[in-house]
Amino acid sequence: KQIPTIEINGEAEKIQSEIHYLFNQLTNKNFHKISNQNSLVQKLKRSPVEISQTLSLHYGKDLYPCIYTNGVAISGKIRLASLKDLNTTALKDIINQATSFTKKYLSTEFTSQISAPEIAGVLWADELSEYTGDPSYQDLILKAANVFQKREENLPPFPLTKTFIVEDFFFSSTILGRAFKISKNLEYIEMLVSFLLKANLQQKNGLFWHSRNAHFYWGRGNGFAAIGLAEALTFIPKNHSSYPQLIKMFQKLMKGMLKSQDFEGMWHQVSNVQGSYSETTSTCMMGFALSRGLLMKWISGNIFENALSK
């Protein structure tokens, strides 16, 4: 069904009076909500768990392709199943594939063509290990983390992009952080921290350039920085010498991004350009970062809580 609309045509100086007349008529009459509106109202009443259950029916159904977008969906599905055993049936296909996937992945010889988005595709392995109690899945994380190799002093580690792109904040943090959690090997943390601080993409306004060669504030790129720093801070020991500096980077980014949130709670394709289209992915990324930041007490206050609730 279509939602009825009203189009007003006329001379510019008469439009305002016509709009006032229309509003007066609408406010003085009782209208029944149309079915579409009722449906939207019901959707707005859903809890986060209910929304997650709906999304889990459509995303993260298969371990292939091994790419970060699919990996994030699978990770979310596992976390959802961990909440009071909700939606466990949705994990059956994933668990059934896991053994053969693990065997194939561990026996694969990666070439120099492997990319960071592909490496981040197994981030779910840590959650699946905890959920099933099977430690063999942790080997996927360690193999992925061991792909990271130091380059020359002025370059990020392989396989991260040489121009220091902001997406790599997430790809590196989610794998190297988990590898440290599993192994307690500080070399993973040192490589991660070195990259995060060396990138030098954050500007005075708190926002991140897309890369050293792309000086614009891509909305989704700042989302990558937000979730990347959130992942990093989750795993980096609090007594690490660079932990306070990374906390400040995260706080500065959160404050900077709040200024570009619109009245509907959305963030946009280009964070500092009014009129660029609202972008669901960057909004979800910021929601994740705000939620974890508040939960872990990296940030606090009504300004962040209100931004998250929007």
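If you read the sequence from its start, that first residue is 1, and numbering goes on from there.
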Open item on the list: Take a 6.0 Å sphere around NZ of K104 and say whether it holds more than 12 heavy atoms from other residues, nucleotides or ligands.
Closed with: no
Task: Spacing of F195 atom CZ and S172 atom OG [to the nearest 0.5 Å] - done: 5.0 Å
Task: Reported OG-to-CG distance for the pair S17 and L22, which is rounded to 0.5 angstrom - done: 11.5 Å
Task: Flag side-chain contact, heavy atom, 4.5 Å: F180 against M191 - done: no
Task: CD1 (I51) with more than 12 external heavy atoms under 6.0 Å - done: yes
Open item on the list: Holding to side chain to side chain donor-acceptor pair (under 3.5 Å), I want the full list of residues that pass it with W298, two or more places apart in sequence or in another chain.
Closed with: Y243
Open item on the list: Classify the ring geometry of F170 against F224: parallel below 30°, tilted from 30° to 60°, perpendicular beyond 60°.
Closed with: tilted
Open item on the list: Using the ring centroid of each side chain, check whether F208 and F216 are separated by less than 6.0 Å.
Closed with: no
Task: T102 and Y137, any side-chain heavy atoms less than 4.5 Å apart - done: yes
Open item on the list: If I compare all heavy atoms of D168 with all of A116, which pair ends up nearest, and what's the gap?
Closed with: OD1-CB, 3.8 Å
Open item on the list: Check this for me: F158, atom CZ, are more than 12 non-hydrogen atoms of other residues, nucleotides or ligands nearer than 6.0 Å?
Closed with: yes
Open item on the list: For F110, I'd like to know if atom CZ has over 12 heavy atoms of other residues, nucleotides or ligands within 6.0 Å.
Closed with: yes
TODO: Would you indicate whether the side-chain heavy atoms of L55 and L57 approach each other to under 4.5 Å?
DONE: no
Task: Ring-face cation of K310 near F263 (centre distance under 6.0 Å, axis angle within 45°) - done: no
Open item on the list: For N222 versus S271, what's the shortest heavy-atom pair and its separation?
Closed with: ND2-OG, 4.0 Å
Open item on the list: What's the separation between atom NZ in K248 and atom CG in L229, rounded to the nearest 0.5 Å?
Closed with: 14.5 Å
- [ ] For residues 178-191, pull every pair meeting side-chain hydrogen bond (donor to acceptor under 3.5 Å, both in side chains), keeping only residues two or more places apart or in separate chains.
- [x] D126-K181, E127-R178, E130-K181, N146-Y188, T174-R178, R178-E231, E190-H240
- [ ] Scan H268, R220, Q269 and name whichever one has a side-chain hydrogen bond (donor to acceptor under 3.5 Å, both in side chains) with E279.
- [x] R220
Task: Side chains of V72 and W124 in contact at under 4.5 Å (non-hydrogen atoms) - done: no
